[in-house]
Amino acid sequence: LDRLIFYLTLGLIFNLFLCLLGILFGLTINSLEFFIIVTQGILFIVSLMLDLTRPDQNLGQCSGKFKDIFKWQNLIYLFLFGLIILVLSTVDQLGTNFTGDPLDHLAVMRKAIEGIPLTIENLGHAKNQIQIAYALPVWHVFLGLLTKISGTNIFIVYREITTVLAGLVFLVWYWFFRKLLPTRELAILALFLFILFHFYNNAYLYTRLPVPDTFNMLLLMPLCFGLALNYIFNKDSNYKHLVILSLTLTFMGFIHWTQYFYYLFAMGLFAVIYPIFKYREPDFKPVFKRILLSIFANMILVLPSLLFLYLKDIISSNLGTFTSVKKVSTNDRLYKFDPYFKLSYILLPLVAVFFRKYRKLIFIFGVFLIGPLVYNIPSFYRFSREFLSHVFVNRFYTNLGQWPYLVWAILIGFVLVLIDRLLSKIYPSWKYLRFLIDGLLLIFLVWMFWIQYRTGQIQKLYFTFLKK
């Protein structure tokens, strides 16, 4: 899984980097297509030569028997696989949601494939207007390049790529959960909850994945957090992992700057909280050093990029308009969200019980608490509002706070383990009773999700309970 994620990340970096060169040098889409094909050919030849000359490597082989796949303990994978196929089939049927922002992004893609030079000025969705959030439209050029290579049109590419991106989202989130949570079972449970949570509202966000903001939120941001946790806590990680993280963060900023700053805020708070709990650990200094490097090393690339945009008069001429957006929604208040989300904040302190044994879980506090801190510290709120816009401030909960599946997965997993431990001590030979109780709890959980999805009765009962 690690190899697959790193290969996908390197492939994404490679393609976005060449798209960036196309923008900086004003290539046309035809020239960029030729450039990428030639570059890929050169990389293939070089990698083939290296593979032929380096010693044989043991990449690991599957030594298990085919029948071992069908064990009871692997049944959970069958359920997960079935859920993923169901969701992907639904997303494929729904296609991309074209309401609102996608029309602007399609306009940029249309300009990219017209054959004009791929400069920042030429790719604005409207004449003399450049959206500062994605002033370097590498994602739009990449989608335009897919359109050109596939010989189709921008609408088909924009619609059909949604299913592929949804599959990658599930893969990346599972890998991220494996890096953060202590066991594979908890990671599977968290992925179950993640898929159901975002599938609830007619799979809305899954159908918006080609939009740069959603693409960053559901794919690149968890990928960057996973890369950071891997670099910080994996003793075998080295400078190469830091370089990959820094490059991914830089391109996440190019695609949409909002998520880049969310990453900095969350990792910054993590850097503050981690010493409070772990300053006595023997490896505290090297781990803390890696936390700081995961925050600041990328700025070697990001700061020159921001300086470039400033010199191009993109930042100064657009920042006033971008930050003058008036508050028209209440995303910065908890009362807007559902009980499942609110209860995750109420139950969050219980996660601290596991800090001593599983120090990675401290990261969850950094993600969950940065939004409330920004909203409730007036000077911090004004600073963020003035320099990063109301759009940035207003979406904290949407991008970072809406991770209730993490808290619920940990607590549900703890309850299941507690039941198993108690039953094993009271009735050591009654293992089937444990399976029965765990099965009934699973059925009850699925039933709750189903009833809420079909009728909304669970939420109604919750509000009835609050009134009483």
Side-chain angles (χ1 to χ4, degrees), residues 1 4-5 8 11-12 69-70 74-102 105-106 109 139 142-143 146-147 149-178 184-185 187-223 338 340 398 402-405 408-409 442-458:
L1 182 60
L4 179 59
I5 291 295
L8 288 172
L12 184 65
I69 298 175
F70 301 98
N74 291 337
L75 189 61
I76 189 68
Y77 293 104
L78 182 61
F79 283 119
L80 181 61
F81 180 74
L83 177 63
I84 290 175
I85 294 299
L86 172 65
V87 173
L88 291 181
S89 300
T90 304
V91 172
D92 184 62
Q93 291 296 316
L94 291 172
T96 300
N97 185 313
F98 284 96
T99 306
D101 290 352
H105 303 303
L106 285 166
M109 289 174 60
W139 178 242
F142 175 69
L143 293 180
L146 290 181
T147 303
I149 292 173
S150 62
T152 181
N153 61 65
I154 56 176
F155 297 98
I156 291 178
V157 168
Y158 211 80
R159 184 193 188 282
E160 299 301 331
I161 200 174
T162 303
T163 309
V164 179
L165 293 178
L168 291 177
V169 164
F170 301 151
L171 179 68
V172 167
W173 275 95
Y174 175 69
W175 178 75
F176 169 56
F177 290 146
R178 289 291 290 120
R184 180 182 289 106
E185 289 74 21
I188 293 173
L189 177 58
L191 185 61
F192 261 113
L193 298 176
F194 167 84
I195 294 173
L196 292 172
F197 180 76
H198 290 295
F199 189 60
Y200 168 63
N201 190 16
N202 201 26
Y204 173 73
L205 286 180
Y206 296 146
T207 64
R208 302 280 287 191
L209 278 170
V211 176
D213 183 29
T214 310
F215 175 74
N216 268 4
M217 180 177 72
L218 286 187
L219 190 67
L220 284 194
M221 191 165 62
L223 176 62
D338 58 35
Y340 175 66
T398 306
Q402 288 211 62
W403 287 19
Y405 25 85
W408 283 102
L442 175 62
I443 293 172
F444 178 70
L445 181 64
V446 172
W447 175 80
M448 286 182 62
F449 272 105
W450 177 254
I451 292 298
Q452 174 61 25
Y453 175 73
R454 297 285 299 196
T455 65
Q457 287 298 323
I458 303 299

Check: Listed by chain and number, what are the side chain to side chain donor-acceptor pair (under 3.5 Å) partners of R208, not counting sequence neighbours?
Finding: N97, Y204
Item checked: Contacts of W408 that satisfy ring-ring contact (aromatic ring centres under 6.0 Å, His included) - sequence neighbours left out -> Y340
Check: Do any N or O atoms from the side chain of T147 and from the backbone of L143 form a donor-acceptor pair under 3.5 angstrom?
Finding: yes
Notebook entry, point to check: So which heavy atom on P102 is nearest to which on V211, and how close?
Noted result: CG-CG2, 3.8 Å
Margin query: As a quick check of understanding, evaluate side-chain contact (heavy atoms from CB on, under 4.5 Å) for W403 and F194, giving each step before the final call.
Written below: CA-CA 8 Å; W403 287 19; F194 167 84; over 6 Å; no
Check: F176 vs W173 aromatic rings, parallel, tilted or perpendicular, using cut-offs 30° and 60°?
Finding: perpendicular
Note to self: Once rounded to the nearest 0.5 Å, what's the spacing between atom CZ of F197 and atom CG of L191?
What the structure shows: 14.0 Å
Next item on the list: Find the distance between CG (L1) and CH2 (W175) and round it off to the nearest 0.5 Å.
Entry: 8.0 Å
Notebook entry, point to check: Under the ring-ring contact (aromatic ring centres under 6.0 Å, His included) test, which residues partner Y174, sequence neighbours left out?
Noted result: none
Side-chain atoms of residues 84-93: list all donor-acceptor pairs with protein atoms under 3.5 Å, sequence neighbours left out, distances to 0.1 Å.
from: S89; atom 1: OG; to: I85; atom 2: O; distance (Å): 2.7
from: T90; atom 1: OG1; to: L86; atom 2: O; distance (Å): 2.8
from: D92; atom 1: OD1; to: T163; atom 2: OG1; distance (Å): 3.4

Next item on the list: Identify the two heavy atoms, one from P210 and one from I161, that lie closest to each other, and give their separation to 0.1 Å.
Entry: CG-CG2, 3.8 Å
Checklist line | Pairing residues for W139 by the ring-ring contact (aromatic ring centres under 6.0 Å, His included) criterion, not counting sequence neighbours | finding: F142, F215
Note to self: Quick check for you: to the nearest 0.5 Å, what is the distance between L106 atom CG and I154 atom CD1?
What the structure shows: 5.0 Å
Notebook entry, point to check: Roughly how far, to the nearest 0.5 Å, is the CG atom of L12 from the CG atom of L220?
Noted result: 6.0 Å
Next item on the list: Going by the side-chain contact (heavy atoms from CB on, under 4.5 Å) test, name the single residue among L165, T214, I195 that passes it with Y206.
Entry: I195
Next item on the list: Mind jotting down which residue pairs meet the salt bridge (charged side-chain N to carboxylate O under 4.0 Å, His left out) criterion with at least one end in residues 209-221? Sequence neighbours excluded, please.
Entry: D213-R395
Next item on the list: Indicate the atoms forming the closest heavy-atom contact of N216 with P222, along with that distance.
Entry: O-CD, 4.1 Å
Note to self: Tell me whether the count of non-hydrogen atoms from other residues, nucleotides or ligands lying under 6.0 Å of CZ in F98 goes above 12.
What the structure shows: yes
Next item on the list: Enter the distance from L189:CG to R184:CZ here, rounded to the nearest 0.5 Å.
Entry: 14.5 Å
Next item on the list: Taking all non-hydrogen atoms of both residues into account, name the closest pair between H198 and L218 and its distance.
Entry: NE2-CD2, 4.1 Å
Checklist line | side chain to side chain donor-acceptor pair (under 3.5 Å) partners for T162, two or more places apart | finding: T96
Checklist line | side-chain contact (heavy atoms from CB on, under 4.5 Å) evaluation trace for L83 with F199 | finding: CA-CA 11 Å; L83 177 63; F199 189 60; 5.9 Å; no
Next item on the list: Could I get the full list of ring-ring contact (aromatic ring centres under 6.0 Å, His included) partners for F192, not counting sequence neighbours?
Entry: none
Next item on the list: Would you please name every residue forming a side chain to side chain contact (heavy atoms under 4.5 Å, CB included) with L4, sequence neighbours left out?
Entry: L8, L171
